[in-house]
There are 2 protein chains.
Amino acid sequence: MKSKGLRITPQRDQVTEIALQQEDHFEIQFLINETQRIYPKISPATVYRTVSTLCEAGLLSETLQSNTGVTLYEVHHSAEHHDHIVCMDCGKIVEFHDEQMEEAQQAVTRKLSFEQVRHKHVIYARCGLLKRK
Amino acid sequence: MKSKGLRITPQRDQVTEIALQQEDHFEIQFLINETQRIYPKISPATVYRTVSTLCEAGLLSETLQSNTGVTLYEVHHSAEHHDHIVCMDCGKIVEFHDEQMEEAQQAVTRKLSFEQVRHKHVIYARCGLLKRK
DNA sequence: TTGCCTGCAAACACTTTGCAGTAGG
DNA sequence: CCTACTGCAAAGTGTTTGCAGGCAA
């Protein structure tokens, strides 16, 4: 898998395993904490380096900013693309996919003579929990 | 205009004037440089403070990240909302507005029981300049 | 053995904050 | 006169980098 000239080390193993276990979006700090629980002497620098390696390898992707502005990562499911709704009140993140919207994007991009590479589409909304209180 | 308990000072005047002159997206560092050209002893902290004041006042908005990841601001035209295409090759930024897409967003958000507040929709694309070379 | 990988600490870029002095209204 | 605003420098954040030693292959 990562046998593309990359060495397999206990540190990378540990970080990779924890990262890939996550079903949700997570921040680097979480990964650092979790890894240090098991492997106390790992350095944050190594986690950063490993995460960017995993991103390049296509196993993770840096998806979005949380409602507080922190960078979040998620396991990259090559399957299908999705976008995000972030709740500004409780921070909850919901994924969605809308084919019609994707097509509209392609249309706009082409109309302006661009070739779309990727996009970042985040809707900031309120789930209503606060209002009900 | 900013007579909402806010004081008018030469520093704020200068920063505001330069900021509002910009037709394009700009980064804070640009604003700091430009202001210091005219008003050399202004402090970066003041520019930061002024920019956030202007954002709260609705005159500026923090719109997006450039292709290199820097935060960009733009003068806020209350008129109509638009989204952005950022060229990953040359950094060019094009604005677009697509009513159909906006409606699709509302539909998705409502379907998931959210109330949309705002959204950030950035398409990263290539303008093709590099390819032609 | 080779050189990629690690830990550590320092460097970094960007932004915020505490404080004492200044000046707007 | 009062207190918001400013400059300065220090402190924060989040992330990257240089280096010497260590270990996978």
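Please read all numbers here as calculations on a predicted model, not as lab measurements. Every chain is numbered from 1, with letters handed out A, B, ... down the list of sequences. Any value given below was found using the heavy atoms of this structure, including those in side chains, with hydrogens, waters and symmetry copies removed.
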Rounding to an integer number of Å, can you tell me how far A/Phe26 CZ sits from D/dG14 P? 17 Å

How many Å lie between CD on A/Glu62 and P on D/dG14, as a whole number? 15 Å

Might you point out which heavy atoms bring B/Phe26 and B/Ala19 nearest each other, and give the distance in Å? CE2-O, 3.9 Å

So does A/Glu102 get a backbone contact from the side chain of A/Gln106, meaning a donor-acceptor N/O pair under 3.5 Å? no

Checking B/His76, B/Glu74, B/Glu95 against B/Thr63 for side-chain contact (heavy atoms from CB on, under 4.5 Å), the one that qualifies is B/Glu74

Identify the two heavy atoms, one from B/Leu20 and one from B/Leu59, that lie closest to each other, and give their separation to 0.1 Å. CD2-O, 4.2 Å

Starting from C1' on C/dC5, measure out to CG on A/Asp13 and report it in whole angstrom. 14 Å

Write down the protein N/O and nucleotide N/O pairs, taken from nucleotides 15-22 of chain C, whose separation is under 3.5 Å; answer none if there are no such pairs.
{"residue": "C/dT15", "atom": "OP2", "partner": "B/Tyr48", "partner atom": "OH", "Å": "2.4"}
{"residue": "C/dT15", "atom": "O5'", "partner": "B/Tyr48", "partner atom": "OH", "Å": "3.4"}

Distance check needed: C/dG24 P versus B/Arg12 CZ, whole Å only. 12 Å

Can you check whether any acceptor in the base of D/dC5 is under 3.5 Å from a donor in the side chain of B/Arg7, or vice versa? no

Counting only N and O atoms by type, is there a donor-acceptor contact under 3.5 Å from the side chain of B/His84 to the main-chain atoms of B/Ile93? no

Expressed in angstrom and rounded to an integer, what is the separation of A/Lys41 atom NZ from D/dC23 atom P? 9 Å

Looking only at the side chains, is there a donor atom on one of A/His82 and A/His77 sitting less than 3.5 Å from an acceptor on the other? no

Using OP1 and OP2 only, check whether a side-chain N or O of A/Ser43 sits under 4.0 Å from C/dC8. no

OP1 or OP2 of C/dT6 under 4.0 Å from side-chain N/O of A/Thr9: yes

Provide, to the nearest angstrom, the distance between the CG atom belonging to B/Leu31 and the C1' atom belonging to C/dC14. 15 Å

Interatomic distance, A/Glu56 CD vs C/dC4 P [rounded to whole Å]: 15 Å

Without decimals, in angstroms, what is the distance between B/Glu27 CD and C/dC14 C1'? 11 Å

Side chains of A/His121 and B/Asp83 only: does a donor on one sit below 3.5 Å from an acceptor on the other? no

